[in-house]
Asker: 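Structure below; questions to follow.
Proteins come first, then strands; the chains are lettered A, B, ... in the order of their sequence lines, and each starts at number 1. Scope of the values below: all heavy atoms of this structure, side chains included, with no hydrogens, waters or symmetry mates.
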Amino acid sequence: MRWSRQLLPTLREVPLEAEIPSHQLLLRAGLIRRLGAGLYTFLPAGLRALRKVERIVREEMDRAGALEVLMPALQPAELWERTGRLETMKDVMFHIGDRQERGLVLGPTHEEVITDLAAREINSWRQLPRTFYQIQTKFRDEIRPRFGLMRAKEFIMKDAYSFDADTEGALRSYRAMYEAYERIFRRCGLRAKAVEADTGAMGGKSSHEFMVLAESGEDGVIECDHCSYAANRERAEAREVAAAWPEDAAPMEIVPTPGARTIEEVSKFLDAPPARLVKTLIYLADERPIAALVPGDRGLNEIKLRQALGAAVVRLADDATIERVTGAPVGFAGPAGLQIPIVADWRLRGARGVVSGANRADAHVRHLDLARDVSADISWADLAFPRAGDPCPRCAEGTLRELRGIEVGHVFLLGTKYSEALHAEYLDEAGARKTIIMGCYGIGVTRTLQAVIEQRHDANGIVWPVTIAPYPVEILALNMQSPSCVAAAEAAETALAAAGIEALYDDRDARAGVKFNDADLLGLPYRVSIGDRSLGRGVVEIKRRADGRVTEVPPSELAATLATMIREEEARLSDGA
RNA sequence: CGGGGCGUGGCUCAGUCUGGUAGAGCGCCAGCUUUGGGAGCUGGAUGUCGUGGGUUCAAAUCCCACCGCCCCGACCA
């Protein structure tokens, strides 16, 4: 492909709309363009890379024995009613109607559709296990689309669903997908890490997320520096350790703290470290007000709170409720004197000599002793987010550290949530009716593409792995005014085509510097520079984008040399070396 | 949805406070020179200043409403 006939609009300057490197590079390298918030067009080169990711996904799904299908993106709302998700997921779904005003939704995921299919088509234990997958556009009315393809309203997902006769089988299917995912990300040149995760709206029993570690990642990842424990920050467990609270027999005392509402303000005002403050948050647990207590220097994990309370929904109480239950404006709540149930993080066990709100405007208390001064019953639970430096919940020696990650894949062991609701059942060998055990497995294909750029770029541009680069090779004619240079470049183009190597030939009548910079920006793995200088010595230059290593070869050996280089790098990526 | 910011040629931005001829760099087109790391010169094209309304002799600039986009939070591949 010649650059002059391709649409590759590279940008010199960083478009205002992009914040993180991968998003900037997608735009600058001419791979995508924005249509609206969370809506992107793939330009030819971007689409080539996307198709290569899809191909790897497809190959690995097929290798794992999964069967490809294609389900409608447009789905009857009625189907979603049957699993209850029309209600629970209504905010993320696009709802539409046809001319008969039949309710339709644009599929944000496909558990309902595939389970409906399985319910109709799978009847016997002889048909199990089966895993189906598709690569298809998903629609989600994201609260806030962001970072280009990272969180879009419309994106391409590979979703797979396993159907098994029993739990052991389901675990095998889960394992097969887990291993396929490891291979997929490795082949895409990504360092991805599987971490324990929450099941969220999907439901189910257990799950792992595949995280690409990156500064710009939207998820917090906790891992142990000693053992293999790793989890999403939301899901991460903690080992209970007794805190040593200093002796403080002084009686609780109310002190005026005009205007000091936040932890920082109170901490500053009373000259007490945040760890010596008790953060009191008023929540509505299934619409019932409760107080949740965490140390002032920790965040409260609402997922843990919900689980500790056994509630379906928890949300921060509105100002009116807070004023009613604490008798004070927002910012002055404390456990002493509260008449509502209190659940406290166990890190606060034995807390004394601490500061909290006084349940009265512009006042806090100090020398609070939770056991002595709080009359309401306190139930204890793990409510706070773990953080770097905490002890590992799994091993005795380890300390946790905190990282950021991009979630590129997620595997769930679902159980029977959908198969029960949609009657996906089979007859076992004894003729007994059983419910199928399911698993579901997603990969954000478009997100994976961007994650590769996020993880593999330098100051000059993208550093593609050969496996998903739009083209593995770029031929660069350094001087289009020199007939010998052009002739050599065209010869190289022909030779590579004959060898089955896809190459982008930069035939623009531009200065060498412009082409070099665009080549670095686009980041194709092998750059072949053809100029009269090296031609005079009887060679052309091959430069690897990843490490800048230059190899000089006679033009006659160019195709064979590149073919070997490409094959070796592909092999290296599949072996994970 | 709450909070913050921004909308001026294709891109990056100045001009807005203090109303008075719409600008720069890059990109684009033509020509000449140049040709191994974003060249030089000459000439040229491109703007309903997000939209609507208002104030004013006069609005990119002041006021109101709306729309769009970006960033921070509750969601997730």
Asker: Using a heavy-atom cut-off of under 4.0 Å over every strand shown, decide if A:Ala152 touches base, sugar-phosphate, or nothing.
Answerer: base
Asker: With sequence neighbours left out, what residues match A:Gln6 under side chain to side chain donor-acceptor pair (under 3.5 Å)?
Answerer: A:Tyr471
Asker: Output a table of nitrogen or oxygen pairs between the protein and nucleotides 32-42 of chain B separated by less than 3.5 Å.
Answerer:
| unit_1 | atom_1 | unit_2 | atom_2 | d |
| --- | --- | --- | --- | --- |
| B:U34 | O2 | A:Arg511 | NH1 | 2.7 |
| B:U35 | O2' | A:Asn479 | ND2 | 2.9 |
| B:G36 | O2' | A:Arg533 | NH1 | 2.7 |
| B:G36 | O2' | A:Arg533 | NH2 | 3.2 |
| B:G36 | O6 | A:Gly531 | O | 3.4 |
| B:G36 | O6 | A:Ser534 | N | 2.9 |
| B:G36 | O6 | A:Ser534 | OG | 2.4 |
| B:G36 | N1 | A:Glu541 | OE2 | 3.3 |
| B:G36 | N2 | A:Glu541 | OE1 | 2.9 |
| B:G36 | N2 | A:Glu541 | OE2 | 2.5 |
| B:G37 | O6 | A:Arg527 | NH1 | 3.1 |
| B:G37 | O6 | A:Arg527 | NH2 | 3.3 |
| B:G37 | O6 | A:Lys543 | NZ | 3.3 |
| B:G37 | N1 | A:Asp520 | OD2 | 3.1 |
| B:G37 | N2 | A:Asn517 | OD1 | 3.0 |
| B:G37 | N2 | A:Asp520 | OD2 | 2.4 |
| B:G38 | O4' | A:Asn517 | ND2 | 3.1 |
| B:G38 | O2' | A:Arg12 | NH1 | 3.2 |
| B:G38 | N9 | A:Asn517 | ND2 | 3.4 |
| B:A39 | OP2 | A:Arg511 | NE | 3.4 |
| B:A39 | N9 | A:Arg511 | NH1 | 3.4 |

Asker: Hey, does A:Val14 reach any base, or is it just sugar-phosphate, or nothing, if we go heavy atoms under 4.0 Å?
Answerer: sugar-phosphate
Asker: Using purine N1 to pyrimidine N3 plus N6-O4 or O6-N4 for Watson-Crick, or N1-O2 and O6-N3 for G-U wobble, both under 3.5 Å, which nucleotide pairs with B:A22?
Answerer: none
Asker: Do other residues, nucleotides or ligands put more than 12 heavy atoms under 6.0 Å from the CZ atom of A:Arg33?
Answerer: yes
Asker: Thinking salt bridges, do A:Glu59 and A:Arg187 make one under a 4.0 Å N-O criterion?
Answerer: yes
Asker: Using atom C1' of each nucleotide, how far apart are B:G44 and B:U55 to the nearest Å?
Answerer: 40 Å
Asker: How would you list, by chain and number, every residue that makes a salt bridge (Lys or Arg N to Asp or Glu O under 4.0 Å) with A:Glu154, sequence neighbours excluded?
Answerer: none
Asker: Partner lookup for B:G36, please. Criteria are Watson-Crick or G-U wobble with both distances under 3.5 angstrom; report none if nothing qualifies.
Answerer: none
Asker: Write down the partner of B:C41 under the Watson-Crick or G-U wobble criteria, each distance required to be under 3.5 Å.
Answerer: B:G31
Asker: What integer number of Å spans the P atoms of B:A14 and B:U8?
Answerer: 11 Å
Asker: Within the modelled atom types, does a donor on one side and an acceptor on the other bring the side chain of A:Asp219 and the base of B:C76 under 3.5 Å apart?
Answerer: yes
Asker: What is the pairing partner of B:C1, taking Watson-Crick or G-U wobble pairs with both distances under 3.5 Å in any strand?
Answerer: B:G73
Asker: Report the base-pairing partner of B:G9 (Watson-Crick or G-U wobble, both distances below 3.5 angstrom), or none.
Answerer: none
Asker: Extract from the structure each pairing of a protein N or O with an N or O of nucleotides 70-74 of chain B at less than 3.5 Å, listing the distance.
Answerer:
| unit_1 | atom_1 | unit_2 | atom_2 | d |
| --- | --- | --- | --- | --- |
| B:C72 | OP2 | A:Arg144 | NH1 | 3.0 |
| B:C72 | OP2 | A:Arg144 | NH2 | 2.6 |
| B:G73 | OP2 | A:Arg146 | NH1 | 3.4 |

Asker: Once salt bridge (Lys or Arg N to Asp or Glu O under 4.0 Å) is applied, do any residues pair with A:Arg175, and if so which ones, sequence neighbours excluded?
Answerer: A:Glu179
Asker: Just to verify, what does A:Glu68 make a salt bridge (Lys or Arg N to Asp or Glu O under 4.0 Å) with, not counting sequence neighbours?
Answerer: A:Arg58
Asker: So for A:Arg151 and B:C75, does any side-chain atom that can act as donor or acceptor lie under 3.5 Å from a complementary atom in the base?
Answerer: yes
Asker: Does B:C62 have a Watson-Crick or wobble mate here (both distances under 3.5 Å), and if so which one?
Answerer: B:G54
Asker: Rounding to an integer number of angstrom, what distance separates B:U48 and B:G43 when you compare their C1' atoms?
Answerer: 28 Å
Asker: Going by the rule salt bridge (Lys or Arg N to Asp or Glu O under 4.0 Å), which residues pair with A:Lys304 if we only count those two or more places apart in sequence or in a different chain?
Answerer: A:Asp382
Asker: Expressed as a whole number of Å, how far does the C1' atom of B:G47 sit from that of B:A39?
Answerer: 29 Å
Asker: I'd like the P distance from B:G7 over to B:C13, given in whole Å.
Answerer: 9 Å
Asker: For A:His410, which residues count as a side chain to side chain donor-acceptor pair (under 3.5 Å) partner, sequence neighbours excluded?
Answerer: A:Ser207, A:Glu407
Asker: What residues, two or more places apart in sequence or in another chain, satisfy ring-ring contact (aromatic ring centres under 6.0 Å, His included) together with A:Tyr178?
Answerer: A:His208, A:Phe210
